[in-house]
Structure formats: C-alpha cells, structure tokens
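Reminder, nothing fancy here: chain letters follow the sequence lines and each chain counts from 1. Hydrogens, waters and symmetry mates are skipped; everything else that's a heavy atom, side chains included, is used.
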Amino acid sequence: MRRKRFDVVPYDLAATLTSGQAFRWRCRDDGWEGVVQGRWVRLQSARYGIQAEVMPPVRNWMWLSDYLQIDENLAGVIATFPDDEPMRAAVAACRGLRLLRQDPWECLASFILSSTKQIVQIRQIIAVLCERYGEPVIAPKYCEPSFAFPSPERIAAAGESELRACKMGFRAPNLLAASRMIAGGEVVLPRLATLPVDAARAELLRLPGVGRKIADCVLLFACGFQDAFPVDVWVAKALHRLYFPGRRVTLEQLRRFAAAHFGPFAGYAQQYLFHYTRVHAKLKS
DNA sequence: TACCAGGAGAGCG
DNA sequence: CGCTCTCATGGT
C-alpha cells in the first residue's frame with residue numbers, strides 16, 4: 001500500500017463524493033473507496049486535508065490530485081459568488097464542498113444513465129455495469145473485487161438487451177449508440193476541453209440521450225468548463241424558490257439568469273445550490 | 001399505493 | 001415556440 005498526504009483545507013470528502021457528480025464511491029470504515037483512472041483508491045479525511053492510499057506501483061500522484069482538484073483555490077472560487085442571501089446560506093451549509101475533475105467518458109456514460117433516476121439508483125446501475133463489463137482492478141485483499149469503468153469499445157460490443165439487463169431501461173439504446181459513436185471516433189471526448197465551450201457543448205449534443213442538462217454536466221464535471229451550469233429538477237426548484245418566488249419562469253429563463261448572475265464559477269455555485277437544496281429537503285422530510 | 005427521480009426527444013397546436 | 005407524452009425501473 002502506498003500513502004500520500006494532501007494538504008488541502010477545507011475539503012468535505014463526504015459531500016464532494018456523494019453530491020451527485022460521481023457515483024462510484026463507497027463509504028467503509030470512516031473512509032471512501034473508489035476507482036480512478038483504473039486504479040483502486042481509498043481516501044480518508046484528516047485535519048490537514050486528505051490521506052490517500054493506493055496499490056503499488058505508483059510513479060506519481062498527478063492523476064489523483066487532478067481528479068480531486070487539490071490545487072483549486074476554493075476561497076478564491078467562493079469569493080466570486082454573488083453576495084446574496086441564498087448563496088451565503090449555501091456556502092455556510094456546505095463548507096469544503098468541491099468539484100472533481102472526472103474522466104469524460106465515465107462522466108458522460110454515467111449521466112446518460114442518470115435521466116429520471118434517483119442518485120441511489122444511478123449508483124446501482126453503474127455498479128452492475130462495471131461488474132459485468134469493467135476490467136478487474138487490483139485492490140487490497142480485504143476488499144471485494146472491484147472494477148474499472150468499462151470502455152466505450154466494451155459497451156459498444158454489448159447488445160441492447162444485455163444492457164437493459166443492467167436495469168437501465170430506456171436509457172440502454174442511448175448508451176449503446178453513444179458508445180458506438182465514441183468508439184468509432186465520431187466524437188472525440190479528450191478534444192472537448194480544448195474547444196470553446198459552445199463548440200464543446202455542440203459536440204456533446206450530437207450524442208443520443210444527451211441534451212442540454214447532461215451536456216452541461218460533462219462540460220462542468222469532466223471538461224473543466226467551470227461556468228457550465230446544468231439545470232436539473234433540483235436546481236430549477238432552488239432557483240425558482242430562491243430567486244423567482246411565486247413567478248412563472250421557463251427553463252431557458254433560469255439558464256439565462258444563471259449565466260448572468262453567478263459569475264465565472266457558476267458551475268461551482270450550482271453544485272453548492274444543488275447539495276444545499278438536497279440536504280435541506282432530506283432534513284425537512 | 002401513488003408519486004417522483006440530477007431528461008431527452010418526438011409530436012402537437 | 002411552448003406544452004405534453006412516453007420511455008423503464010425502483011425508492012420513498
């Protein structure tokens with residue numbers, strides 16, 4: 001086992017890993033276990049930040065510090081948020097919540113599977129998908145077998161009925177067709193980060209099952225476009241309740257408001273609103 | 001049981 | 001345009 005200490009404060013691991021941006025982290029013994037770049041990882045929060053454990057060999061830690069966005073200046077990000085009551089409340093309630101920088105394919109596939117599903121269910125579908133099609137990953141003996149996220153080629157080689165057997169329902173044909181377009185080089189995901197945001201979004205929108213919301217999730221969570229602002233049912237509810245109480249507002253109006261109101265790190269602000277709203281909904285019920 | 005879930009896409013007036 | 005319906009499945 002190789003250990004690494006990341007000095008980064010504040011960093012709320014639990015909130016970050018369970019706030020609906022990534023779906024494969026599991027809590028065990030006061031730590032979090034997952035797979036990043038095909039490597040098994042265990043993370044634990046500490047006073048100084050994060051303690052990481054991986055299996056040897058390890059050449060460097062860039063792949064992990066990049067994924068965790070260790071070098072992001074969180075205070076600087078938050079300083080760009082609008083100084084209004086909703087954002088103050090969200091920031092106060094979600095101290096240390098951060099955005100990850102994920103693999104574009106895993107992110108895209110995960111969000112194709114996310115539509116009209118609760119986060120618990122999304123996690124289940126993805127777990128089955130990885131068990132059936134992912135390459136085995138070397139993990140400590142005490143762990144049950146773990147798997148990498150399956151490649152687009154591997155999913156493209158599956159049949160629609162096989163995928164439906166993973167409980168993904170009507171999302172199966174979308175995931176299959178998208179996999180085939182990626183595997184065939186029709187859309188090149190690693191290139192998206194080098195494009196202007198509108199061009200990158202247009203590329204994603206060519207994929208079946210990918211509309212504005214899912215495209216924005218991939219742009220934000222995987223391509224580094226920190227002003228991308230995915231509006232899902234939760235964020236729409238939050239924006240409506242907090243900024244347009246009692247008024248009728250369309251989805252497009254909410255997007256335009258968000259683009260104008262939340263600044264260069266709008267996507268970060270969105271994650272705070274999303275998590276804040278969900279935690280509060282949970283407390284109220 | 002009924003309703004809803006980090007939507008997309010087609011069909012309609 | 002803007003609205004409605006369907007798609008599949010399971011949690012609460």
Side-chain angles (χ1 to χ4, degrees), chain A residues 15-25 90 94 97-100 102 104 106-129 132 158-179 181 187 201-223 225-226 228-242 247-256 258 262 266-285:
Chain A
T16 300
L17 300 180
T18 65
S19 58
Q21 42 179 331
F23 301 98
R24 298 199 60 202
W25 291 95
C94 308
L97 174 63
R98 295 184 180 240
L99 286 182
L100 301 166
Q102 303 180 58
E106 175 169 344
C107 184
L108 169 64
S110 298
F111 278 98
I112 286 176
L113 297 176
S114 77
S115 82
T116 333
K117 277 291 179 194
Q118 300 180 137
I119 290 179
V120 220
Q121 277 181 287
I122 302 168
R123 295 170 54 86
Q124 285 171 359
I125 296 170
I126 292 173
V128 175
L129 191 70
R132 294 203 184 162
E160 183 181 320
S161 55
E162 279 183 67
L163 293 179
R164 280 183 186 266
C166 300
K167 306 300 179 190
M168 63 182 73
F170 62 82
R171 302 155 196 83
N174 290 335
L175 180 64
L176 185 58
S179 305
M181 287 178 71
V187 173
R201 184 184 292 113
E203 278 296 288
L204 288 166
L205 290 175
R206 294 175 52 211
L207 298 162
V210 178
R212 179 60 190 255
K213 188 268 172 181
I214 291 177
D216 282 345
C217 283
V218 177
L219 294 175
L220 177 64
F221 299 140
C223 300
F225 293 101
Q226 294 183 295
F229 195 99
V231 180
D232 74 311
V233 288
W234 288 96
V235 174
K237 255 183 250 177
L239 291 178
H240 186 250
R241 180 171 59 82
L242 298 171
R247 292 175 50 188
R248 260 181 70 79
V249 198
T250 67
L251 204 56
E252 185 52 35
Q253 285 177 298
L254 290 179
R255 277 194 212 106
R256 280 204 301 271
F262 291 103
Y268 237 103
Q270 173 272 163
Q271 196 65 14
Y272 274 78
L273 289 174
F274 177 77
H275 190 61
Y276 177 60
T277 306
R278 284 188 71 237
V279 169
H280 266 253
K282 225 172 264 182
L283 291 179
K284 278 192 291 186
S285 62

Could you list the donor-acceptor pairs under 3.5 angstrom formed by side chains in residues 205-215 of chain A, with sequence neighbours left out?
from	atom 1	to	atom 2	distance (Å)
Arg206(A)	NH1	Glu186(A)	O	3.3
Arg206(A)	NH1	Glu203(A)	OE1	3.3
Arg206(A)	NH1	Glu203(A)	OE2	3.4
Arg212(A)	NE	Asp216(A)	OD2	2.8

Practice task
Could you work out the separation of dC3(C) and dG6(B) based on their P atoms and round it to a whole Å?
Solution key: 24 Å

Handout entry: Check: His275(A) main-chain N/O paired with Ser19(A) side-chain donor or acceptor under 3.5 Å
Key = no

Practice task
For Arg123(A), check salt bridge (Lys or Arg N to Asp or Glu O under 4.0 Å) against everything at least two apart and list the hits.
Solution key: none

Practice task
Please name all residues satisfying side chain to side chain donor-acceptor pair (under 3.5 Å) with Thr250(A), sequence neighbours left out, ordered by chain then number.
Solution key: Gln253(A)

Completion exercise
Whole-Å distance, Leu129(A) CG to dA8(C) P, equals 19 Å

Heteroatom pairs (N/O) under 3.5 angstrom, protein to nucleotides 1-6 of chain C:
from	atom 1	to	atom 2	distance (Å)
dC3(C)	OP1	Arg248(A)	NH2	2.8

Practice task
Could you encode protein contacts along nucleotides 6-13 of chain B as a string, one character per nucleotide from 5' to 3', using B for base contact, S for sugar-phosphate-only contact and - for no contact, with a heavy-atom cut-off of under 4.0 Å?
Solution key: BBSS----

Handout entry: Test side-chain contact (heavy atoms from CB on, under 4.5 Å) applied to Ala172(A) - qualifying residues, sequence neighbours left out
Key = Glu160(A), Leu163(A), Arg164(A), Met168(A)

Problem - Partners passing side-chain contact (heavy atoms from CB on, under 4.5 Å) against Lys117(A) (at least two apart in sequence or in another chain) - result: Gln121(A), Ile122(A), Ile125(A), Arg171(A)

Exercise for the section: Return the set of residues passing side-chain contact (heavy atoms from CB on, under 4.5 Å) with Thr18(A) (not counting sequence neighbours), or none when no residue passes. Expected result: Trp32(A)

Problem - Short side-chain N/O contact from Lys237(A) to OP1 or OP2 of dC4(B), under 4.0 Å - result: no

Exercise for the section: Please work out if Arg171(A) contacts a base, only the sugar-phosphate, or nothing of the nucleic acid, heavy-atom cut-off 4.0 Å. Expected result: base

Handout entry: Counterpart residues, ring pair (Phe, Tyr, Trp, His ring centres under 6.0 Å), relative to Phe111(A) (two or more places apart)
Key = Phe23(A), Phe221(A)

